[in-house]
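Take a look at the structure set out below.
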Amino acid sequence: MLDRNFNFAEAEGRIYAAWEMSGAFRPSNAPGAEPYTIVIPPPNVTGSLHMGHALNNTLQDALIRFERMRGKSVLWQPGTDHAGIATQMVVERQLAESGANQDRRSMGRDAFVERVWEWKETSGGRILNQLKRLGASCDWSRERFTMDEGLSKAVLKVFVQLYREGLIYRDKRLVNWDPKFETAISDLEVDNREVDGHFWHFKYPLEHGKTYEFPIEHDKDGNPTKWETRDYISIATTRPETMLGDGAVAVHPGDKRYAPLVGKRCLLPLAERYIPIIADDYPDPDFGSGAVKITGAHDFNDYEIARRHDLKLYELMDTKGCMLDADYIPAKYHGLDRYEAREAVVADIKAQGLLIEVEDKKITQPFGDRSGVVIEPMLTDQWYVDAKTLARPAIKAVEEGRTTFVPENWTKTYYQWMRNIQPWCVSRQLWWGHRIPAWYGPDGHCFVAETEEEASKEAIAKYTAEGYSLEEINDMRRHEHGGAPLLVRDEDVLDTWFSSALWPFSTLGWPDGDSPLPLGGEGQGVRGTDGAADGAPETIGAALTPDPSPAGGRGETAPGRHSILARHYPTSVLVTAFDIIFFWVARMMMMGLHFMKDEHGKAQIPFKDVYIHALVLDEHGQKMSKSKGNVVDPLVLIEKYGADALRFTLAAQAAQGRNIRLSEARVEGYRNFGTKLWNAARFCQMNECRPASGFDPASAQTTLNRWIVHETNECASAVTRALEAYRFNEAAGAIYRFIWHVFCDWYLELAKPALQGEDGAEKTETRAAAAWSLDQILKLLHPFMPFITEELWGAFDRRDSALITAPWPQHDAALINEAAATEFNWTIDLISSIRSIRQEMNIPPKTIAKLMLVAGNPTAESALLSHKRYIERLARVEVVVGQAQEKGSIQIVHRDSTFALPLKGIIDVAAERLRLDKEIAKAAEEIVRIDKKLANKNFIERAPAEVVEEQKTRRADYQAQREKLSAALARLEGL
RNA sequence: GGGCGCGUAGCUCAGCGGAAGAGCACUACGUUCACACCGUAGGGGUCGCUGGUUCGAACCCAGCCGCGCCCACCA
């Protein structure tokens with residue numbers, strides 16, 4: 001016998017372990033089973049579960065469980081991301097806190113990286129255990145890490161190939177530099193925020209004391225009316241310290257005010273350099289003074305202008321954002337931090353009388369998304385991916401509908417970004433990550449190869465070809481590098497997202513192939529040991545050569561047909577939040593299409609669908625953040641209400657295109673829902689409703705059972721359709737309503753007479769039908785509430801399989817039974833009407849009233865009689881046939897019949913009269929409304945016939961109702 | 001400056017061309033043998049505003065008014 005409540009705290013761990021042990025999380029590879037694949041968005045190894053993860057993984061798990069039950073061979077590929085900056089930060093902070101007086105630099109690169117690995121092994125990946133708490137049914141036997149051996153190999157291969165194809169290159173240009181982490185970052189990692197700032201207006205004196213007339217007043221047509229004589233040009237800046245690196249002052253070529261100055265020079269104060277005044281389209285004559293100082297080495301716009309005009313670039317800062325000891329910078333600023341330099345510059349300009357004014361101004365400033373410090377554009381050598389070229393097929397694949405975004409409007413966002421994509425800076429000046437496979441020779445020549453040996457070979461070949469002898473090459477090693485190797489490896493590592501971009505195929509075994517599939521379908525989770533019988537490495541898709549190797553070459557069939565990679569790539573759907581479309585989705589599209597080919601050599605998309613879900617906000621619609629203190633910890637909710645309740649809450653609110661506001665009250669409500677189901681099951685158990693093998697739902701005998709079979713089948717259909725369309729909220733809503741308001745509120749109540757009555761065919765069938773329906777319920781709810789459903793599934797009977805792998809209830813046409821549905825709805829509505837009127841008329845619940853048919857037809861009478869038990873029990877009445885109408889009756893008009901509850905002395909006749917009047921008025925009102933419609937010629941002519949017909953029927957119904965109500969009123973008056 | 005989305009019952013939100021819905025909250029009643037984490041019944045909305053399209057608009061279109069978010073180089 002079940003307890004009164006589900007003890008989720010006890011059950012969740014036990015059930016999860018049983019699932020995992022059973023091998024249910026691994027692909028079944030059953031014969032003929034279609035593969036279904038999701039790769040998890042890999043959480044950072046440093047991560048811990050937040051609400052966004054909880055939602056993301058709840059939805060993935062719902063899909064995975066749904067498809068697994070539908071018999072597909074399901075793979076949910078898990079793993080974690082090494083998260084370059086984040087992880088390096090964590091370990092550096094640990095070092096600082098350890099008090100060992102050690103930092104990354106004093107340790108040295110190898111020791112530090114070793115230390116990070118240690119951290120990863122002991123403390124990393126905690127989030128994966130938290131995902132298990134949520135019930136995520138990933139195939140943990142396949143867990144991967146972006147820096148494990150296989151994935152690192154994929155990274156090397158991709159980098160080298162792209163380099164050889166000219167799609168990765170090294171370039172010196174302006175990048176976003178993070179002075180805190182002392183690394184370059186990509187455009188996407190820059191957060192542009194509006195902050196309070198200042199706008200400083202400076203005078204740059206003209207060379208040789210030259211003067212010009214500058215208009216200071218204008219008439220209404222914009223013609224100057226007053227001039228002043230100036231010996232300077234006015235510029236404005238939000239970053240005064242950068243003036244030390246100015247290479248020019250630019251004005252618009254059409255700006256008449258400055259025309260006499262173009263080609264002349266002005267003095268750059270403090271630096272005491274003369275710089276040209278040039279004409280360029282960039283300055284907006286209407287903004288500020290119309291003249292712009294050009295700091296080519298520290299501003300993206302200025303850089304473009306400097307290049308156009310071949311201006312000298314003055315680099316001002318070191319990697320920490322401190323002023324360099326350069327000879328073009330006055331010595332007094334050397335070594336100052338950029339903000340100290342700013343103050344000094346402003347003070348000095350002011351001292352020279354060159355400060356015109358300081359304006360308060362909102363300015364947009366770039367911040368590093370992880371460091372939070374202001375980003376400095378810096379001129380450095382970095383590695384870039386030619387994203388523009390790679391984006392082309394990625395755009396096309398979406399245009400052709402090979403990959404679909406759900407909801408569809410995200411395609412627009414995707415296009416917008418992809419069509420304006422910039423070169424992707426992939427090098428990072430960090431230590432934790434995939435080190436770039438590039439080596440430099442003594443002459444600075446760059447050799448890119450997967451291994452140092454290969455690079456070395458290339459180097460020797462190159463230098464040999466240039467006429468160096470082997471001895472001389474060895475000399476290069478000995479002398480020019482003091483005995484160091486000939487080649488020096490690039491110090492940089494790759495952007496974390498570089499390896500993430502390969503995730504959908506690198507995790508599945510690319511480039512080496514993967515453990516082959518187990519043969520046959522017996523025994524879930526039995527991993528095959530063989531398959532690539534010849535032991536040749538399997539090369540799926542494109543290798544270095546873009547062409548597919550022609551069949552009949554080395555292998556007879558396309559290589560690797562039976563590998564996980566061949567079966568599970570392209571993946572079925574990617575489930576993620578929109579904030580990661582650019583970082584990740586777009587890049588997976590680019591890399592997947594470039595590297596993965598099918599057996600015909602056609603580029604393969606990484607996933608068929610991209611489901612973009614909402615953000616989880618707090619109950620007031622605020623983004624959750626530590627600083628706001630409004631973070632809701634999913635684990636706390638799981639502890640308190642169980643994983644099922646949290647999952648259901650998230651799924652039920654996951655409507656497309658809207659954010660989720662999470663409130664604890666709602667989680668509590670769905671916990672209650674679980675308890676409701678639990679008690680319904682408990683009731684079934686008490687009444688010995690066990691799954692009966694002999695029960696065929698299609699041939700149930702009693703109307704009640706035929707009705708619940710029909711309704712269950714309809715619910716299965718609704719849940720299935722909703723899940724297929726990623727309408728999680730609809731699926732959750734459908735099963736919720738069915739369980740609570742159909743199965744519990746009506747079916748179980750209606751089944752009580754049979755279940756609690758005498759033994760016999762009806763009781764036997766009802767037990768079986770209830771058990772059958774409950775089984776369907778458990779299955780349909782399983783994707784959302786896996787724990788409680790599995791527990792109940794196991795509580796009933798010996799089962800062939802655990803619920804997690806039980807077959808999904810397919811909609812079955814043989815179970816449709818409209819007649820039973822119609823008949824029962826009649827009864828349910830009658831019961832509802834009686835209840836409603838009883839309450840309205842204040843009939844005490846204990847009163848058992850008589851119920852008789854006053855006016856009706858034989859059908860109504862027979863229905864009344866055949867459903868007598870149900871009506872009597874639920875409406876608390878006694879059905880009486882053939883008794884004369886009594887005085888002081890309440891009358892109920894239901895469909896085409898009128899019933900009466902003779903309650904002389906209990907009811908207030910005046911109140912009853914009032915009630916009937918009100919109902920008559922309501923019917924009359926509806927009739928008027930419909931008449932208006934029907935009187936409209938245009939409606940009759942233009943509306944579809946069935947709509948017109950429907951309105952006529954409605955009118956007739958109201959008409960009949962009104963007549964019956966009037967008759968009832970007359971009877972009331974007459975008696 | 002572009003782009004996306006949202007304004008429907010007190011709250012959180014479904015619905016998106018043919019009778020205004022759910023959950024929570026609220027009110028009344030209820031010790032009926034599954035469940036008070038419950039049951040029964042009920043109150044509550046000119047679907048942001050203004051126009052337009054349509055026989056018909058919460059739903060489609062346009063314009064406003066509020067509120068979010070994303071992207072963008074005005075020094």
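Small disclaimer: the values here were computed from a predicted structure and weren't measured. The figures that follow rest on heavy atoms only: side chains count, while hydrogens, waters and symmetry mates do not. To find a chain, count down the sequence lines: A is the first, B the second, and so on, and within it residues start at 1.
Rounded to an integer number of Å, the gap from Gln656(A) CD to G5(B) P is 13 Å. Per the geometry, CZ belonging to Arg661(A) stands 4 Å off P belonging to C13(B), to the nearest Å. At whole-Å resolution of the value, CD in Glu941(A) and C1' in U54(B) are 15 Å apart. Summarising the geometry, the separation between CG on Asn936(A) and C1' on G18(B) is reported as 13 Å, rounded to the nearest angstrom. In this structure, CD1 of Ile788(A) is placed 11 Å from C1' of C37(B), rounded to the nearest angstrom. In this structure, CZ of Phe673(A) is placed 15 Å from C1' of C38(B), rounded to the nearest angstrom. If you take CD1 of Ile581(A) and C1' of G3(B), they are 13 Å apart, rounded to a whole angstrom. What separates CZ of Arg915(A) from C1' of G42(B) is a distance of 15 Å, to the nearest Å.
G10(B) and C35(B) are spaced 36 Å apart, taking the P atom of each and rounding to whole Å. Comparing the C1' positions of A25(B) and A9(B) gives a spacing of 11 Å, expressed to the nearest Å. Distance check on atom P: C47(B) versus U31(B) gives 41 Å, rounded to whole Å. Going from the P atom of A75(B) to that of G7(B) covers 35 Å, rounded to whole Å. Using atom P as the reference point in both C26(B) and C11(B), the two lie 15 Å apart (nearest Å). Rounded to the nearest Å, the gap between the P atom of G56(B) and that of C38(B) is 47 Å. Comparing C61(B) with G1(B), their P atoms are spaced 24 Å from each other, to the whole Å. Rounded to whole Å, the C1' atom of G15(B) lies 9 Å from the corresponding atom of A58(B).
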TODO: Let me have a per-nucleotide readout for nucleotides 67-75 of chain B, 5' to 3', with B, S or -, counting only protein heavy atoms under 4.0 Å.
DONE: ---SSSBBB
Task: nucleotides 19-35 of chain B: protein proximity per nucleotide (B base, S sugar-phosphate only, - neither; heavy atom, under 4.0 Å) - done: BS--S-----S----BB
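Projected onto RNA chain B by closest heavy-atom contact, Arg671(A) and Ala655(A) fall at different nucleotides, the more 5' of which corresponds to Ala655(A).
If you check every strand for non-hydrogen atoms under 4.0 Å, Ser836(A) touches sugar and phosphate atoms only.
Every pair passing salt bridge (Lys or Arg N to Asp or Glu O under 4.0 Å) that includes a residue from residues 745-755 of chain A is listed here, sequence neighbours excluded: Glu749(A)-Lys752(A).
A search for ring-ring contact (aromatic ring centres under 6.0 Å, His included) contacts involving Phe673(A) returns Phe648(A), Tyr736(A), not counting sequence neighbours. Scanning for side-chain contact (heavy atoms from CB on, under 4.5 Å) contacts around Lys361(A) gives Phe199(A), Phe287(A), Ile363(A), with sequence neighbours left out.
At a threshold of 4.0 Å, the pair Glu912(A)-Arg915(A) counts as salt-bridged, since one of the basic side-chain nitrogens sits closer than that to a carboxylate oxygen. Residues Asp829(A) and Arg895(A) are paired through a salt bridge, judged by an N-O separation under 4.0 Å between the basic side chain and the carboxylate. In summary, Lys952(A) and Glu950(A) do not engage in a salt bridge, as defined by a charged side-chain N under 4.0 Å from a carboxylate O. The pair Lys763(A)-Glu758(A) does not count as a salt bridge, with every side-chain nitrogen at least 4.0 angstrom from each carboxylate oxygen.
Side chain to side chain, Tyr204(A) and Asp246(A) meet the donor-acceptor criterion of an N or O pair below 3.5 Å.
The neighbour count for Arg929(A) CZ, taken as heavy atoms of other residues, nucleotides or ligands under 6.0 Å away, does not exceed 12. Heavy-atom neighbours of Arg307(A) CZ from other residues, nucleotides or ligands within 6.0 Å: at or below the threshold of 12.
Taken to the nearest 0.5 Å, the CG atom of Asn409(A) stands 10.0 Å off from the CD1 atom of Ile612(A). With rounding to the nearest 0.5 Å, the separation of CG in Leu903(A) from OG1 in Thr847(A) is 7.5 Å.
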Open item on the list: Just to be sure I follow the notation: if a pair is Watson-Crick (purine N1 to pyrimidine N3 plus N6-O4 or O6-N4) or a G-U wobble (N1-O2 and O6-N3), each under 3.5 Å, what dot-bracket string does RNA chain B give, with | for pairs to another strand?
Closed with: ((((((((.[[[[.)..(..]]]].(((((.......))))).....[[[[[..)....]]]]])))))))....
- [ ] Show your reasoning for whether side chain to side chain donor-acceptor pair (under 3.5 Å) applies to Asn192(A) and Thr364(A).
- [x] CA-CA 6 Å; Asn192(A) 289 305; Thr364(A) 306; over 6 Å; no
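Between Lys412(A) and G3(B), a side-chain N or O to OP1/OP2 separation shorter than 4.0 Å is absent.
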